[in-house]
Chemist: 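Right, I'll just put the structure down here and ask away after.
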There are 2 protein chains.
Amino acid sequence: MFSKKTEYALRATIYIAKHSSEEKKLSIVDISKAINSPQSFTAKILQVLTKKKLIHSLPGPNGGFYITEPTLQAPISCIIDAMGENEALDKCVLGLKKCSTANPCPLHEQYKKVKFQLKEIFEEKSISKLAKELKNNKSLQY
Amino acid sequence: MFSKKTEYALRATIYIAKHSSEEKKLSIVDISKAINSPQSFTAKILQVLTKKKLIHSLPGPNGGFYITEPTLQAPISCIIDAMGENEALDKCVLGLKKCSTANPCPLHEQYKKVKFQLKEIFEEKSISKLAKELKNNKSLQY
DNA sequence: ATAATTAAGGACAAAAATATCTTTAATTAT
DNA sequence: ATAATTAAAGATATTTTTGTCCTTAATTAT
Ligand code: FES
Ligand code: FES
């Protein structure tokens, strides 16, 4: 569905949402270990999220990444957007230049319903909600 | 959704289904022009489909690609499979090693419904049905 | 102030996806 | 038989995605 970049962005954000606070910041080392992603690559991704103020960071001892309320309340579509993948959800499944009901490909009618549901999922699920759904005891096999 | 490879494979197959017969074969030149895809790249893709007997080919004058009943009746999931992308529909949206209800990511429950519908679309729509839905008069903007 | 720690930034590298080009083989029309 | 036509096959090239490494800048603890 998504690129690695977006996958890591989502995983990292959810992890940060679950385990960080302004008092307890998380280092890139911790985060990339926890979500099983390449450290430097993940650092680049978090840089982008930080620039877009979706997460925050502070260098130095006890520094790291953390997240605040506005983003916790935001839908995960923010993260997908920030990674430039929201357009992926608008594309025609057969690669038509424009996916539209006016000029539909032969799969359009059925596919658009699915796309609509997908968008709904990503716009309705907030980051904090997802983080809460992450069971503490059960570590996911990323 | 799909890679370029798969997009071209689907477009080419649908085009061949609509415009070819055993008597009227289509050259790679015609096909790639019609579906607006890079010619040599498309040739490679059709080679794969030919090897897997999903379409057929014959070299020489009046040669080209054509399609026969078994494939016309087959679902487009065949083509997706042939391109090695059916597993894409089984993957976890967050990149968990295994997407399963037993060990679900926080998006699993909602996402699996969408995946199920997608699979259904690709397994229920036959190639000939799609070809018939292609309007003759309206040329799609690939 | 100094040293330690951590993110930011830039350059580079490897792998995968996408695309092109050239030669060969098969088939057909003459 | 010969020439023309078309797909098959293999080598190569380009672009994008994914990933690494090294230096710099910011912050904090001492
Ligand atoms: S036009 Fe193809 S999915 Fe909408
Ligand atoms: S486990 Fe993530 S989508 Fe199924």
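Values in this document were obtained by computation on a predicted structure and should not be read as measured data. Lettering of chains follows the sequences in order, A, B, ..., and the numbering in each one begins at 1.
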Chemist: What integer distance in Å separates A:Lys5:NZ from C:dA16:P?
Modeler: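 Taking atom P of C:dA16 as the reference, NZ of A:Lys5 is at 19 Å.
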
Chemist: Under 4.0 Å between a side-chain N/O of B:Tyr8 and OP1 or OP2 of C:dT18, yes or no?
Modeler: no

Chemist: Tell me which nucleotide, if any, is Watson-Crick or G-U wobble paired with D:dT24 when both distances must be under 3.5 Å.
Modeler: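 Pairing partner: C:dA7.
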
Chemist: Find the distance between NZ (B:Lys119) and OG (B:Ser77) and round it off to the nearest 0.5 Å.
Modeler: 9.5 Å

Chemist: Expressed as a whole number of angstroms, how long is the span from B:Glu85:CD to C:dA17:P?
Modeler: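 After rounding, the gap between these two atoms is 9 Å.
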
Chemist: Less than 3.5 Å between a donor and an acceptor, one on the side chain of A:Gln47 and one on the base of C:dG9, is that the case here?
Modeler: yes

Chemist: How long is the line joining CG of A:Leu58 and P of C:dA4, in whole Å?
Modeler: 20 Å

Chemist: Under 4.0 Å, counting only non-hydrogen atoms across every strand here, what does A:Leu26 touch: a base, just sugar-phosphate, or nothing?
Modeler: sugar-phosphate

Chemist: From CD1 of B:Ile31 over to C1' of D:dA7, roughly how many Å is that when rounded to an integer?
Modeler: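 So the two atoms are 11 Å apart, to the nearest Å.
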
Chemist: Could you tell me the Watson-Crick or G-U partner of C:dA19, where both distances fall under 3.5 Å? Say none if there is no partner.
Modeler: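 The answer is D:dT12, by the H-bond criterion.
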
Chemist: Looking only at the side chain of B:Thr50 (C-beta and beyond, no hydrogens), which of the listed nucleotides C:dA8, D:dA8, D:dT6 gets closest?
Modeler: D:dA8

Chemist: Given that both distances must come in under 3.5 Å, which nucleotide forms a Watson-Crick or G-U wobble pair with C:dT30?
Modeler: D:dA1

Chemist: Can you tell me the distance, in whole Å, between the NZ atom of A:Lys53 and the C1' atom of C:dA8?
Modeler: 15 Å

Chemist: Let me know the distance between CG of B:Asn36 and P of C:dT18, rounded to the nearest Å.
Modeler: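 The answer, rounded to whole Å, is 16 Å.
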
Chemist: According to a strict under-4.0 Å criterion, is B:Ser57 in side-chain N/O contact with OP1 or OP2 of D:dA8?
Modeler: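 So the side chain of B:Ser57 is within the cut-off, an N or O lying under 4.0 Å from OP1 or OP2 of D:dA8.
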
Chemist: Let me know the distance between NZ of A:Lys52 and P of C:dA7, rounded to the nearest Å.
Modeler: 21 Å

Chemist: Rounded to whole Å, how long is the line connecting atom CD1 of B:Ile45 with atom P of C:dA19?
Modeler: 8 Å

Chemist: When you match A:Pro59 and A:Lys4 each to their closest nucleotide on DNA chain D, which lands nearer the 5' end?
Modeler: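 The residue mapped nearer the 5' terminus is A:Lys4.
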
Chemist: For the aromatic rings, using the six-membered ring if either is Trp, is the centroid distance between A:Phe2 and A:Phe122 under 6.0 Å?
Modeler: yes

Chemist: What is the distance from atom CG of A:Leu10 to atom CD1 of A:Ile76, rounded to the nearest 0.5 Å?
Modeler: 5.5 Å

Chemist: With a cut-off of less than 4.0 Å, is there a side-chain N or O of A:Asn62 near OP1 or OP2 of D:dA29?
Modeler: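 Yes, within the criterion.
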
Chemist: For the residue pair B:Gln141 and B:Asn36, establish whether any side-chain heavy-atom pair is separated by less than 4.5 Å.
Modeler: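 No; the side chains remain at least 4.5 Å from each other.
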
Chemist: Taking B:Lys115 first and then B:Asp90, would you say they form a salt bridge - that is, a charged N and a carboxylate O separated by under 4.0 Å?
Modeler: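 Result for this pair is no, no salt bridge flagged.
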
Chemist: Report the residue (B:Phe41 or A:Ile28) whose heavy-atom-nearest nucleotide on DNA chain C is the more 5′ of the two.
Modeler: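 Between the two, 5'-proximity favours A:Ile28.
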
Chemist: Once hydrogens and angles are ignored, does a donor-acceptor distance under 3.5 Å link the base of D:dG10 to the side chain of B:Lys44?
Modeler: yes

Chemist: Enter the distance from B:Ile127:CD1 to B:Thr13:OG1 here, rounded to the nearest 0.5 Å.
Modeler: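 Answer for the CD1-OG1 pair, B:Ile127 versus B:Thr13, is 6.0 Å.
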
Chemist: Go nucleotide by nucleotide along DNA chain D from the 5' end; which of A:Ser3 and A:Pro61 gets its closest nucleotide reached first?
Modeler: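 Closer to the 5' end of DNA chain D: A:Ser3.
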
